[in-house]
Amino acid sequence: MAETTNSPNNSGERTSRNFLEEIMDNDLQSGRHTSVLTRFPPEPNGYLHIGHAKSITVNFGLALKYGGATNLRFDDTNPVTEETEYVESIRNDVRWLGYTWKDEFYASDYFEQLFGFALKLIRDGLAYVDDSTSEEIAAMKGTPTRPGTDSPYRSRSPQENEDLFRSMRAGEFPDGSRTLRARIDMSSPNMLMRDPIIYRIKHAHHHRTGDQWCIYPTYDFAHGQSDAIENITHSICTLEFMSHRELYNWFIEKLGLFPSRQYEFARLNLSYTIMSKRKLLQLVNEKYVDGWDDPRMPTISGLRRRGYTPKSIREFCSRIGVAKRDNLIDVSLLEFCAREDLNKISQRRMVVFDPVKVVITNWPEGTVEELESENNPEDSNGGNRIVPMSREIFIERDDFMEDAPKKYFRLSPGKSVRLKSAYIITCEDFQKDEHGTITEIHCTYHPDSRSGSDTSGIKAKGTLHWVSASHAVNVEVRDYDRLFRVENPAEEEGDFLDYVNPDSLRVIPVALAEPALLEDARNATDSDDRLHYQFLRKGYYYADLSSTAEKLIFNQTVGLRDTWAKINK
RNA sequence: UGCCCGGUCGUCUAAGGGUAGGACAGCGGUUUUUGGUACCGUACGUGGGGGUUCGAAUCCUCCCCGGGCAACCA
């Protein structure tokens, strides 16, 4: 659906659109195209990351907006790096993000057609087989400031080239011994037009075509033609492919194909992380993280495991916009989008991370009171849950201070606080061990201050989360910090691994949770039933993949905004 | 150094010759049984020099800065 703020309105007045929307508007208005067909073209050689999410929302989002569709096409022209495992994860991630593709294709579907295209170029005198080594080819290529020189094989006859090319396909030559090159212009200012290699010999097993082929087309000879075969109207890619556009158009023109056009936008860079698939792979292989889906990874699967919602990721991608200038998006925007969504949907629960015992001295021994607490104050239909209260409870260690400054709204001797959804308590006394560590706090509660029917008239500045000692459930909590210590690891000197944050994971092996959390876990029949939580005054949490009712494990999605921590600094 | 892109608050992104606006981050406040949320307020920007014009972020020009291009990767 078209947003009024983002497309020409009824009066024809110009409103804000990004440059791709302008192009599509123009193409539709001029009649160049009557509909929009985009494609998302991942190479199955790694897991998708948040940068791909941007590309996905650009491609699928634009098509949706203009009533078109999007194909999912795997760019699988390099058998040595590509695997079925990656294909599966990519399909899963795109679906999870909420998008449905029209057709699923593989560049390898077109290998036979591509071979035919190559033959046509050969017969038209526009391609030749080169016997030069890769070093020789590189040397003859020239440099950006110096033109290249013609290969001695450049003037072979079409017949000889065709025979040789067919022999290449037949497996008569070893890897690297020959290539097929487009015959363009060795002195072009665009290096890519200096007779680019379009086929290479690789006796390698392909994840889909098996051992059917021993020659494989390069990206340049596969991508544009695949677009054209599918009648892709707008082939949207990242900036580094800009100089490939001239070649892209050359093949389409010489081959007389559907006039797909390539447009480039700036890829996403996110502060305190990296987007390079190669480097992400390294983090996985060298065990800096737990796997592609480690919650610290900027991968879609990592974000999912961490508790990000598809909606929050889509919102993020929409907020960052699409343009052509290099960018480094502040990760706080991603976190904002997570909180924005999670605040509305998450179930509130109380979990004490670093417990200290509080004895309520005037609470009758052995009595339990079942209090009710709202599941979500942002959702009036969210219902309530039972929270049991008894004589001994736990509160957070840093919610008590022996000598508190005046701005401290929590518990200290003689002061009163509200226990969330329960009673107001007043601190009467406390005990310390020989190290000065608080071991026990003694309070009295005010029976007429019960939540919802408070007639006590006592004003408590602060409200604390708490759990009943005898009802507490042990859970493991994993808090995360940024994966890298520096804002832009890719730009730093030296090895990026030197900038990995050694404290990116903080495990709290035993935190004490209210019993409702266990109840929830028992009710979840599979992982899709898992709830997003807000642990009160802590942050947003989501059960880890490995979490079970026997062993509850929660990943921190993102912390709550903490203005107190800021003031405290 | 040749060719190709790009340069607007700290970070992103609008403004297509006519009031430089929005978001995140920051700062200050109000409300609050989460020091959360919500709401209000506030500060901050057109890389530089020339030119065209009544008027320039926008058009021209020179300069400066950043990025890309010399894989049989994509």
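Because the structure is predicted, anything quoted here is derived from the model rather than measured. In what follows, chains are A, B, ... by sequence order, proteins preceding strands, each numbered from 1.
- Rounded to whole Å, the C1' atom of B:rG2 lies 39 Å from the corresponding atom of B:rG55.
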With salt bridge (Lys or Arg N to Asp or Glu O under 4.0 Å) as the test, would you mind laying out the steps for A:R319 and A:E315 before giving the verdict? CA-CA 6 Å; A:R319 281 175 181 258; A:E315 175 65 17; 2.8 Å; yes
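- Between the base of B:rG35 and the side chain of A:R561 there is no donor-acceptor pair shorter than 3.5 Å.
- Two residues, A:T145 and A:A323, neighbour RNA chain B, and the one matched to the more 5' nucleotide by heavy-atom proximity is A:T145.
- To the nearest 0.5 Å, atom CD1 of residue A:I50 and atom CG of residue A:L334 are 5.0 Å apart.
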Kindly express the pairing pattern of RNA chain B in dot-bracket notation, using | wherever a base pairs with another strand and counting only Watson-Crick or G-U pairs under 3.5 Å. .((((((..((((....[..)))).(((((.......)))))....(((((..]....))))))))))).....
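- Distance, A:F316 CZ to B:rU13 P: 11 Å, rounded to whole Å.
- Rounded to whole Å, the distance from CG on A:D185 to P on B:rC3 is 15 Å.
- Atom C1' of B:rU61 sits at a distance of 11 Å from the matching atom of B:rU52, rounded to the whole Å.
- The gap from the C1' atom of B:rG18 to that of B:rC12 amounts to 27 Å, rounded to the nearest Å.
- Relative ring orientation between A:Y219 and A:F241 is described as tilted, the plane-to-plane angle lying within the 30° to 60° band.
- Remark: of the listed residues A:K420, A:R385, A:R349, A:K420 is the sole one forming a salt bridge (Lys or Arg N to Asp or Glu O under 4.0 Å) with A:E374.
- In this structure, A:R339 places its CZ atom 11 Å from P of B:rA38, rounding to the nearest Å.
- Among the atoms of the strands shown, none is found under 4.0 Å from any heavy atom of A:F19.
- Using modelled atom types, one side-chain atom of A:T299 and one backbone atom of A:W292 make a donor-acceptor pair closer than 3.5 Å.
- Of the charged side-chain nitrogens involved, at least one lies within less than 4.0 Å of a carboxylate oxygen, so that A:R73 and A:E230 count as a salt-bridged pair.
- Considering CG of A:D109 and OG of A:S226, their distance stands at 8.5 Å, rounded to 0.5 Å.
- Comparing the same atom, C1', in B:rC40 and in B:rG47 gives a spacing of 35 Å after rounding to whole Å.
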Sub-3.5 Å pairs of nitrogen or oxygen atoms, protein against nucleotides 56-58 of chain B:
none

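- Counting non-hydrogen atoms under 4.0 angstrom, A:K566 reaches the backbone sugars and phosphates but no base.
- The same atom, P, is picked in B:rC4 and in B:rC44; the two are 40 Å apart, to the nearest Å.
- Anti is the glycosidic conformation of B:rA43, whose angle departs from 0 by more than 90°.
- Within the structure, salt bridge (Lys or Arg N to Asp or Glu O under 4.0 Å) pairs that include any residue of residues 235-246 of chain A comprise A:E240-A:R267, A:R245-A:E264 (at least two apart or interchain).
- Considering only residues two or more places apart in sequence or on other chains, A:Y216 meets the ring-ring contact (aromatic ring centres under 6.0 Å, His included) condition with A:F111, A:H206.
- Rounded to whole Å, the separation between the C1' atoms of B:rU11 and B:rA43 comes to 16 Å.
- Listed by first and then second residue, the side-chain hydrogen bond (donor to acceptor under 3.5 Å, both in side chains) pairs involving residues 138-148 of chain A are A:T143-A:T145 (not counting sequence neighbours).
- Listed by residue number, the members of residues 329-338 of chain A with any heavy atom below 4.0 angstrom from RNA chain B are A:I329, A:D330, A:S332, A:L333, A:F336.
- A:S421 contributes no side-chain N or O that, together with a main-chain N or O of A:S373, makes up a donor-acceptor pair within less than 3.5 Å.
- With sequence neighbours excluded, the residues satisfying ring-ring contact (aromatic ring centres under 6.0 Å, His included) with A:Y542 are A:H532.
- Across A:I395, A:T426, A:L419, A:D399, a single residue satisfies side chain to side chain contact (heavy atoms under 4.5 Å, CB included) together with A:L411, and that is A:I395.
- Comparing B:rA57 with B:rG7, their C1' atoms are spaced 11 Å from each other, to the whole Å.
- Taking A:Y86 as the reference, A:Y47 meet the ring-ring contact (aromatic ring centres under 6.0 Å, His included) condition, with sequence neighbours excluded.
- Protein atom CG of A:D398 is 12 Å distant from nucleotide atom C1' of B:rG35, rounded to whole Å.
- Listed by first and then second residue, the salt bridge (Lys or Arg N to Asp or Glu O under 4.0 Å) pairs that reach into residues 184-202 of chain A are A:R154-A:D195, sequence neighbours excluded.
- What separates OH of A:Y541 from C1' of B:rG36 is a distance of 13 Å, to the nearest Å.
- For A:F265 and B:rU13, the CZ to C1' distance is 15 Å, given to the nearest whole Å.
- Comparing the same atom, C1', in B:rU13 and in B:rA25 gives a spacing of 15 Å after rounding to whole Å.
- Counting to the nearest Å, the P atom of B:rC5 and the CG atom of A:N327 are 19 Å from each other.
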Do nucleotides 28-34 of chain B as a string where each nucleotide becomes B, S or -: B if the base has a protein heavy atom under 4.0 Å, S if just the sugar-phosphate does, - if no protein is that close. -----BB
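- Among residues two or more places apart in sequence or in another chain, the ring-ring contact (aromatic ring centres under 6.0 Å, His included) test is passed with A:Y445 by A:W363, A:Y423.
- Nucleotide B:rG36 holds its P atom 17 Å from the CG atom of A:L342, rounded to whole Å.
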With B for base contact, S for sugar-phosphate-only contact and - for none (protein heavy atoms under 4.0 Å), nucleotides 67-74 of chain B reads S-SB-BSB
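- With respect to A:R537 and A:E396, no salt bridge is recorded, no charged nitrogen being found less than 4.0 Å from a carboxylate O.
- With hydrogens and angles disregarded, no donor-acceptor distance shorter than 3.5 Å links the side chain of A:D354 to the backbone of A:R397.
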